[in-house]
Protein chains: 2
Amino acid sequence: MTTRWLTPEEQRAWRAYNAASRLLEDVIDRQLQQEGGMPHLFYMVLANLSEAPDRRLRMTDLAETLKITRSRLTYAVTRLERDGLVRREDCRRDRRSSLAVLTDEGMAVLERTAPGHVETVRSALFDRLTPEQVGQLAEICTGIARGLQDEDPGAGAGDLPWRRRSSCSP
Amino acid sequence: MTTRWLTPEEQRAWRAYNAASRLLEDVIDRQLQQEGGMPHLFYMVLANLSEAPDRRLRMTDLAETLKITRSRLTYAVTRLERDGLVRREDCRRDRRSSLAVLTDEGMAVLERTAPGHVETVRSALFDRLTPEQVGQLAEICTGIARGLQDEDPGAGAGDLPWRRRSSCSP
DNA sequence: CCCCCTTGGTTCAAGTTTGAAACAAACCTA
DNA sequence: TAGGTTTGTTTCAAACTTGAACCAAGGGGG
C-alpha cells in the first residue's frame with residue numbers, strides 16, 4: 001500500500017508541535033536546573049512521591065505513571081538518593097520490590113522549587129492559552145496518551161481485563 | 001506575590017501533555033531507531049536538509065529551525081557525516097560558517113525511511129485526532145512556539161527589527 | 001518440591017545531551 | 001587599521017538516556 005503522506009494542515013500541526021514541545025521542555029528544564037539543580041524528570045519524581053500515600057511508591061509504579069523505563073528511573077532515584085531527597089526502602093509484601101520514599105529534605109526542596117516551576121509552566125504555556133484551548137489540549141493529549149498506552153501489549157485490539165495495578169503499601 | 005497554582009483543569013492538561021509527549025517521542029524514536037538506525041532528531045536533520053535549496057544549510061540556521069543548540073547539532077552532523085549521510089562544506093561568503101549538505105546516500109536513506117516514519121506519526125497521532133483537533137493542535141503549538149521564541153532575546157518587550165536571517169547559498 | 005515462566009530491579013556499555021569554554025573570522029569604531 | 005566586540009562553530013567533561021543482559025524472588029503446574 002502506498003504511503004499516506006501528511007496533509008498540509010497535518011504538516012503544519014506536526015512541525016508546530018515539534019517546535020513547541022522542544023522549546024517548552026527546554027525552558028522548563030533550564031529553569032528547574034538553575035533554581036532546583038535538577039532536570040524536569042527528577043522534579044516529577046519528587047512531585048509524584050509527594051502526592052503518594054505515605055510519600056512512597058514502588059519503583060515500577062512510579063515508572064509507569066511517569067511513562068519512563070525502569071532503568072531510567074533507577075538512575076534518577078539513585079541520583080536523588082545521593083542528594084538526600086529520596087530514600088529507598090524494601091517492600092515487605094514483595095521482597096523483589098523496592099520503594100522510593102520522599103525524605104523531609106526532598107519535600108522541602110520540592111516546596112521551595114514548586115512556585116518557580118509553576119510560574120514557568122504558566123508563563124510559557126497557560127498564559128498563552130484560552131480556557132477553551134486548555135480543554136482542547138487536555139482532550140487531545142489524553143486521547144494520544146491512552147492510545148499509545150494500550151497498544152503496546154499486543155498488536156491487535158485490546159483484550160485485557162483493563163490494566164491491573166499492583167499496590168504495595170506497608 | 002503568592003503563587004498562582006494550576007487549576008484542576010490546567011493540571012489535567014499539563015499531566016496529559018507530559019504523558020503524551022513522552023510516549024509520542026518514545027514511539028517515534030524507537031521506530032526510527034529500528035528502521036533507520038537513528039533517533040528522531042537526526043532524521044529531522046536529514047529531512048530539513050532535503051527541503052533546503054541545494055540540499056544544504058548553514059549549521060546555525062539548521063539549529064535555529066530545529067530549535068536545538070548548535071552544540072547538539074554539531075554532534076548530530078558529525079555522526080551523520082561518519083555514516084555518510086551528510087557532508088560538511090565550507091561557506092564561501094563567510095569563512096566562519098560551515099554548511100551541512102545532504103549526500104545522495106543520505107537522501108536515499110531518507111526516502112527509504114520516510115514512509116515508515118510517516119506511518120508511525122499517523123497511527124500514533126493523527127489517526128486519533130479529528131480534523132478540528134488537528135487545527136486546534138496547530139493553533140496551540142504555533143502560539144506556544146512563537147511565545148517562547150521571541151522572549152529569549154531581552155527580558156522586556158521585543159525591540160529588534162523583527163529578526164534577521166542570514167543566508168549563505170554559494 | 002522442582003522446573004519454568006513471569007515480574008521487579010539493577011547493571012553496564014554505548015550513545016546522546018548539556019553548558020561552559022575555546023577559537024577563529026567578521027564587524028565595528030575610534 | 002588596531003583593538004574590542006560579536007558571530008559561527010567546535011571541543012570537552014559531566015550528566016543523562018537507552019537497551020540489552022543479568023539477578024533475584026514470586027507463581028504456578030506437574
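First the proteins, then the strands, lettered A, B, ... as listed; each starts at 1. None of the values given here were measured: they were computed from a predicted structure.
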Pairs: protein N or O with nucleotides 21-26 of chain D N or O, under 3.5 Å:
| from | atom 1 | to | atom 2 | distance (Å) |
| --- | --- | --- | --- | --- |
| D:dG26 | OP1 | A:Arg95 | N | 3.2 |

**Asked** Where the side chain of A:Leu41 is concerned, which of D:dT17, C:dG9, C:dT17 is the nearest nucleotide?
**Response** D:dT17
**Short side-chain N/O contact from B:Thr74 to OP1 or OP2 of D:dT11, under 4.0 Å** = no
**Request:** Check whether any side-chain N or O of A:Tyr75 sits under 4.0 Å from OP1 or OP2 of D:dC16, and answer yes or no.
**Result:** yes
**Item:** Phosphate contact (C:dT7 OP1 or OP2) by A:Arg58 side-chain N/O below 4.0 Å
**Value:** no
**Fill in**
B:Arg56 atom CZ is separated from D:dG8 atom C1', nearest whole Å, by 18 Å
Where do N or O atoms of nucleotides 19-21 of chain C meet protein N or O atoms at under 3.5 Å, pair by pair?
| from | atom 1 | to | atom 2 | distance (Å) |
| --- | --- | --- | --- | --- |
| C:dG19 | O6 | B:Ser71 | OG | 2.8 |

**Asked** Is there a side-chain polar atom (N or O) of B:Arg79 under 4.0 Å from OP1 or OP2 of C:dT16?
**Response** yes
**Prompt:** Closest heavy-atom contact between B:Ala16 and A:Ala138?
**Reply:** CB-O, 4.1 Å
**Prompt:** What is the distance from CG of A:Leu66 to P of D:dT18, rounded to the nearest Å?
**Reply:** 13 Å
**Atom-pair distance (CD on A:Glu25; P on D:dT17), nearest Å** = 10 Å
**Item:** Value in whole Å for how far the C1' atom of D:dT9 lies from CD of B:Glu89
**Value:** 16 Å
**Request:** Counting heavy atoms from C-beta on, name the nucleotide in C:dT10, C:dT18, C:dG15 closest to the side chain of A:Ser98.
**Result:** C:dT10
**Prompt:** Hey, is A:Asp61 close enough to A:Arg56 for a salt bridge, meaning N to O under 4.0 Å?
**Reply:** no
**Request:** Take atom CE of B:Met44 and atom C1' of C:dT16, then tell me their distance rounded to the nearest Å.
**Result:** 16 Å
**Prompt:** Does a side-chain N or O from B:Arg72 land closer than 4.0 Å to OP1 or OP2 of C:dT16, or not?
**Reply:** no
**Complete:** Heavy atoms of B:Glu10 and B:Trp5 approach each other most closely as OE1-O, 4.3 Å
**Complete:** A:Asp61 atom CG is separated from C:dG8 atom C1', nearest whole Å, by 10 Å
**Asked** Does the side-chain hydrogen bond (donor to acceptor under 3.5 Å, both in side chains) test come out yes or no for B:Gln31 and B:Glu35, once each step is laid out?
**Response** CA-CA 6 Å; B:Gln31 186 272 326; B:Glu35 294 179 27; 3.1 Å; yes
**Message:** Taking A:Glu119 first and then A:Arg122, would you say they form a salt bridge - that is, a charged N and a carboxylate O separated by under 4.0 Å?
**Reply:** no
**Request:** Would you mind reading off the distance between B:Leu80 atom CG and C:dG15 atom C1', rounded to a whole angstrom?
**Result:** 13 Å
**Message:** Counting only side-chain nitrogens and oxygens, does B:Arg70 get under 4.0 Å of the OP1 or OP2 atom of D:dT10?
**Reply:** no
**Separation of atom CG in A:Leu73 from atom P in D:dG19, rounded to whole Å** = 16 Å
**Asked** Around A:Arg95, counting heavy atoms of other residues, nucleotides and ligands shown, do more than 12 lie under 6.0 Å from its CZ?
**Response** no
**Asked** Do you see a donor-acceptor pair shorter than 3.5 Å between the side chains of A:Thr78 and A:Arg88?
**Response** yes
**Asked** Hey, does the side chain of A:Thr103 reach the backbone of A:Leu85 with a donor-acceptor pair shorter than 3.5 angstrom?
**Response** yes
**Message:** Over 60° means perpendicular and under 30° means parallel, so tell me whether B:Tyr43 and B:His117 are parallel, tilted or perpendicular.
**Reply:** tilted
**Request:** Would you check if there is a donor-acceptor pair between the side chains of A:Glu132 and A:Thr130 at a distance under 3.5 Å?
**Result:** yes
